[in-house]
Amino acid sequence: MPLTPLQILTRTHPYDQLPNAIQEWLAEEVSFESVPAEAQVYDLAAPLPALYLILAGHVDIRDNRGQPLSLLGPGNSFGERGLMKDGYAVTSARAREDVELLAIPAATFQRLLAEHPPVARFFNRAAPARARDTAFATRQLGDIMTKRPVTSSTDITGKAAAELMRDHRVSSLLLLTGGVLQGIVTVHDLTYKLLAAGRPADTKLSEIMTRDLVTLPPDALVSDALHMMVERHISHLPVMDRGMLVGILSQSDLTRVQAQSAAAMIQDIAAAPDAAALPAILKSIPEILVQLVSANHAHQTVTRAITDIADATTRRLLALAEQQFGPPPVPYLWLACGSQGRQEQTGVSDQDNCLIISDAMTPAHDTYFSDLAGFVSDGLDACGYVYCPGDMMATNPRWRQPLAKWKEYFGSWIASPDTEAQMLASVMFDLRPIGGETSLFANLQSETLDAAAGNSIFVAHIVSNSLKHEPPLGLFRGLATLRSGEHKHQIDMKHSGVVPIVDLGRIYALQGQLAPVNTRARLVAAIKAGQVSPSGGADLLDAYDMIADTRLLHQSAQISKGEAPDNFLTPTELSAFERSHLRDAFVVVKTMQSAAGQGRGTLS
């Protein structure tokens, strides 16, 4: 005897989690539909009347290029992406054989999403992260900053400044000369540097203003600003766009709700009295990861917060090293590469770093920098950032060199792209300054991108090498697991999951001479630069978000069970629905790899 709609719903997740009354209501709303073999269930860009649950048969899902995405069977749903977007299909769906479907009307599905968390959680987990990423910490500064900050010239007096701030009801005044930002004065400065110091009211603010300001661009995340302000003990942050002042962010603009734990940890790190105090502070990183993931934050917010902690730890260790060994004999810059460089650290991270030293360095100076590198690297290891298995660390003399030597490195790798050169260049293209003299890196980055992009042979080698990391797709584009070893029957969500997309982002950055180092930022920049089409780029962003989110959910679940997090996912841990979407994401990555390998960067 065929099952009734109510029986189907009570046996199908997530509807089995709904209250009895809602299940009964839903059973009255749904309907059965039969679709003959080879017939279209719906076409691309067509209005979607319902969400469909497959009861019997198989449905072929294809993307906007007509390429196969999935072959879905009984128990799988389809159509939710379009319904969660604008109500129009973003794929096409065709019956492979005679198919029996249960149709949930679009309006009913929308109501379930809005009113019943079990349904929202289930479908949001597989939906594009950008569609559900509304958390405060993920918003850009341009969305929340004060866009017309109160400004004045540097020769304004203290009294006039106080009156100006009073009249505009602001707590800070930005000081400019010829439109160029020179400094900032806050109410705190007027109190402590002017009144308490006994200075006259006509003192010019140029005498008490804070110079050498730290700034962020308008597309930086709120979490970036919060962590920077906590670590550096500042209450006001100018927002700059291509050298122009476009706004200011103050603590009154922010809330600690979304990233409070990470911000508090960074505050403790910045105040740590010695290196021995740091491991105890950082021991709760796994719990912070779980909190952020459980709060439904997108992967880029979670990894940025975790990386901010690593950055703050590194800078504190550098400061402690200078206290122990004295000031550096010549300027230097500590840089991170790998996942820290890209601001993509998860619950499993080793350390990858290097030192660029001023060309004024002499051989005698290396003792100082060797000691400094050892102090910082040992401190990071004690905090859980284990030594790099490939010795890609500043403790290795090869990666602790003057700027001229680094230019020589990059020049030789680009001129002679052998296997090692390709590997090293790929790693070093992800460099990001952490602490020290940042000017040592500015020209190196731009000059290297120019030289690399201008060498077609080098670019071809990098592209070819990058495509060796393949998504885990098997016969008929099903999920392929590892065949042997400790992680047999599992998927490596790092090397087979996110790394292929990291490689694509690096290719786009190299070809387009794009400055971002973060993978998602590289993909967005590539779309804006026309290196990938809006549709191809949007698909790749969705795929990256799905894969990276799934990886973090896996690690969070392990931590919650008291296990050490890793990158190896057993597909059976996922529902059939989730496996289907993960497979779709891998198909998109494979398609974009093929386009990159054929030189079709503008895949549409």
Check your understanding: Pick from V293, I306, I547: which one makes a side-chain contact (heavy atoms from CB on, under 4.5 Å) with L552?
Key ->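 So, applying the side-chain contact (heavy atoms from CB on, under 4.5 Å) to L552 and each of V293, I306, I547, only V293 qualifies.
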I'd like to check [X] versus [Y] (side-chain heavy atoms, cut-off strictly below 4.5 Å). Are they in contact?
| X | Y | answer |
| --- | --- | --- |
| M392 | M428 | yes |
| R483 | K488 | no |
| Y387 | D378 | yes |
| D224 | R304 | yes |
| I61 | S92 | no |
| W25 | I22 | yes |

Which residues pass the salt bridge (charged side-chain N to carboxylate O under 4.0 Å, His left out) test with [X], not counting sequence neighbours?
| X | answer |
| --- | --- |
| R342 | E344, D430 |
| R62 | D60 |
| E28 | none |
| E115 | R111 |

Review point. Do the ring centers of Y544 and H299 come within less than 6.0 Å of each other?
Key: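 Close enough - the centres of the two rings lie under 6.0 Å apart.
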side-chain hydrogen bond (donor to acceptor under 3.5 Å, both in side chains) partners for [X], two or more places apart:
| X | result |
| --- | --- |
| E287 | none |
| D311 | Q340, R432 |
| T570 | Q490 |
| E486 | none |

Check your understanding: Would D503 and K468 pass as an ion pair if we require N to O under 4.0 Å?
Key ->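 So D503 does not pair with K468 through a salt bridge.
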Would you say [X]'s side chain and [Y]'s backbone share a donor-acceptor pair under 3.5 angstrom?
| X | Y | answer |
| --- | --- | --- |
| R81 | A89 | no |
| T108 | I104 | no |
| N567 | K494 | no |
| H554 | F568 | yes |
| Q343 | T303 | no |

side-chain contact (heavy atoms from CB on, under 4.5 Å) partners for [X], two or more places apart:
| X | answer |
| --- | --- |
| P217 | D219, A220 |
| P286 | I559 |
| L9 | Y15, L26, A27, L102 |

Check your understanding: Roughly how far, to the nearest 0.5 Å, is SG of C354 from CE of M393?
Key ->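 Here the interatomic distance stands at 12.0 Å.
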Point to revise | Qualifying residues under ring pair (Phe, Tyr, Trp, His ring centres under 6.0 Å), relative to F429, sequence neighbours excluded | key: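 If we apply the ring pair (Phe, Tyr, Trp, His ring centres under 6.0 Å) test to F429, skipping adjacent residues, there are no hits.
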